[in-house]
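In what follows, a single structure is set out as structure tokens and then discussed.
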Amino acid sequence: MSEQQHGHEAAQKAGFETRAIHAGYEPDPATGAVIPPIYATSTYKQDGVGGLRGGYEYSRSGNPTRTALEGNIAALEEGERGFAFASGLAAEDTLVRALCAPGDHVVVPDDAYGGTYRLFDKVERAWGLEHSSAAVSDVDAVRAAIRPGETTLVWVETPTNPLLNIGDIEALAAVAHEAGALLVVDNTFASPYLQQPLTLGADVVVHSTTKYCGGHSDVVGGALVVRDLEVAERVGFHQNAMGAVAGPFDSWLVLRGLKTLGVRMDRHCDNAERVVEFLAGHPDVTQVIYPGLEEHPGHAVASRQMKRYGGMVSFRVAGGEQQALGVCERAEVFTLGESLGGVESLIEHPGRMTHASVAGTDLEVPADLVRLSVGIETVDDLLADLDRALGARA
Ligand code: P1T
């Protein structure tokens with residue numbers, strides 16, 4: 001591993017925010033630049049055949065800006081190695097092909113990002129990988145879905161997208177390991193600031209860095225962090241062999257975003273808590289879903305494994321799908337759009353938007369469901385916007 005991949009030794013052991021700002025990169029010895037340059041280069045001059053400077057040969061295989069990001073996110077997740085990809089789904093596909101073979105079986109969540117389920121159901125299945133779905137909040141159901149000797153991965157999101165169910169990472173890791181499978185946790189909703197699955201026994205963390213890691217809705221990216229060197233080798237080989245890498249500019253944007261992850265997440269959480277309180281008191285809201293609520297079935301587990309409960313809030317509205325669509329369309333400060341985790345608040349209708357691809361499957365979501373990505377604007381403006389959007393009947 002290069003010097004940069006490990007970053008500054010002290011930064012690795014420091015507090016979260018110090019690691020977020022320093023890990024993965026040391027000021028450039030030639031210029032002192034405190035921020036890694038965007039190395040917009042496809043190839044590198046060799047000092048004689050095979051005489052590589054810093055191990056760099058070709059930018060699919062390695063690029064210093066990407067290396068800085070990979071070292072940083074590995075330090076934040078307390079993993080052995082990080083890998084940056086062109087999107088969350090590219091990271092997922094690379095991971096599956098690195099760790100599974102045709103004929104294997106994986107357990108996937110029965111509530112997850114629709115695109116993740118579509119990847120397993122429409123792409124990996126055609127490659128020969130079978131899957132069964134189980135509720136991540138039900139450890140016994142996950143155990144029952146495992147096929148001993150065939151299941152190579154147990155795949156979990158926690159909190160899930162969009163229903164914010166909570167999986168007990170420690171218990172799920174034990175169940176996966178008992179059966180000789182690895183536990184993969186998609187940590188996109190929590191971000192490494194709120195939860196570090198590798199420290200709880202997970203083997204691989206997946207991120208759509210498009211979301212909280214990038215944090216500004218200006219980049220699409222993905223990442224994997226692993227804690228085992230053998231898994232790292234397989235993932236590294238496939239990252240290069242499959243080629244869905246993060247480019248240098250995208251890597252730079254995600255790295256810049258990560259530096260402020262801690263302060264952003266705290267404000268996302270503060271604002272989400274106020275939004276939850278407001279929605280819980282609104283007569284047209286039939287259910288508020290947030291792991292921070294005591295009545296949430298995953299509250300105790302979330303309190304144990306998460307620092308706070310995050311910036312995502314889902315709720316169901318009286319009046320069914322038409323009213324839910326109306327709320328989405330009437331909101332103004334909350335922008336109607338897919339994605340999440342940026343500084344600006346977003347609102348969406350999962351059934352028609354992010355989860356349209358799972359209609360008719362085990363993963364279908366309620367039609368009266370609205371999902372919020374609560375941003376870091378002035379919270380009173382967010383509450384007034386929701387009040388206006390909910391107030392008028394369609
Ligand atoms: O969009 P991409 O960067 O490829 O990441 C896919 C992905 C993976 N995992 C989770 C938990 C996700 O939420 C996503 C993407 N989700 C959305 C675009 C969304 O609006 O829910």
Side-chain angles (χ1 to χ4, degrees), residues 69 73 77 83-96 108-124 133 136 153 155-167 169 184-192 194-195 197 202 204-225 242 244-247 250-251 253-254 257 268 289 291 306 310-314 328 334-342 344-359 363 365 369-375:
L69 167 61
I73 198 160
E77 288 288 3
F83 300 90
F85 293 88
S87 69
L89 286 177
E92 294 181 16
D93 183 33
T94 306
L95 179 67
V96 167
V108 298
D110 74 351
D111 169 28
Y113 173 54
T116 294
Y117 185 77
R118 182 179 56 198
L119 177 71
F120 282 107
D121 199 46
K122 302 278 195 278
V123 180
E124 312 299 5
S133 55
V136 303
L153 297 182
W155 191 286
V156 166
E157 265 180 28
T158 182
T160 58
N161 180 359
L163 292 170
L164 305 175
N165 285 305
I166 301 295
I169 297 171
V184 177
V185 175
D186 184 329
N187 203 26
T188 298
F189 269 37
S191 89
L194 299 181
Q195 169 176 285
V204 183
V205 164
V206 175
H207 278 287
S208 168
T209 55
T210 314
K211 312 296 166 18
Y212 289 107
C213 293
H216 297 75
S217 303
D218 53 9
V219 62
V220 170
L224 300 174
V225 184
M242 293 172 67
V245 296
D250 289 353
S251 297
L253 284 171
V254 175
H268 282 296
I289 306 172
M306 297 176 77
M312 298 301 295
V313 178
S314 292
C328 293
F334 279 86
T335 301
L336 175 59
E338 303 199 2
S339 202
L340 58 116
E344 63 290 296
S345 293
L346 296 175
I347 188 167
E348 68 122 4
H349 184 267
R352 292 274 191 102
M353 296 169 64
T354 51
H355 291 69
S357 65
V358 294
L363 278 79
V365 295
L369 188 76
V370 173
R371 188 188 77 180
L372 303 178
S373 172
V374 180

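Since this is a predicted model, take the numbers as computed values, not measurements. Order of appearance sets the numbers: ligands from 1, and atoms from 1 within every ligand.
- Each of Val156, Val206, Val96 was scored for a side-chain contact (heavy atoms from CB on, under 4.5 Å) with Val184, with one residue passing: Val206.
- With sequence neighbours left out, Thr188 forms a side chain to side chain donor-acceptor pair (under 3.5 Å) with Asp186.
- With sequence neighbours left out, Asp93 forms a side chain to side chain contact (heavy atoms under 4.5 Å, CB included) with Arg97, Leu119, Glu124, Met242.
- Remark: Ala90 pairs with Phe85, Ser87, Ala244 by the side chain to side chain contact (heavy atoms under 4.5 Å, CB included) rule, at least two apart or across chains.
- Between the side chains of Thr335 and Glu344, no donor N or O sits under 3.5 Å from an acceptor N or O.
- Side-chain contact between Leu164 and Arg371 is absent, with no heavy-atom pair separated by less than 4.5 Å.
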Pick out the protein N or O atoms lying less than 3.5 Å from any N or O of ligand 1, and list each pair with its distance.
residue	atom	partner	partner atom	Å
ligand 1	3 (O)	Gly88	N	2.9
ligand 1	3 (O)	Ser208	OG	2.8
ligand 1	3 (O)	Thr210	OG1	2.8
ligand 1	4 (O)	Gly88	N	3.1
ligand 1	4 (O)	Leu89	N	2.9
ligand 1	5 (O)	Ser208	OG	3.1
ligand 1	9 (N)	Asp186	OD2	2.7
ligand 1	13 (O)	Asn161	ND2	3.0
ligand 1	16 (N)	Lys211	NZ	3.0
ligand 1	20 (O)	Ser339	N	2.8
ligand 1	20 (O)	Arg371	NH2	2.9
ligand 1	21 (O)	Asn161	ND2	2.9
ligand 1	21 (O)	Arg371	NH1	2.8
ligand 1	21 (O)	Arg371	NH2	3.4

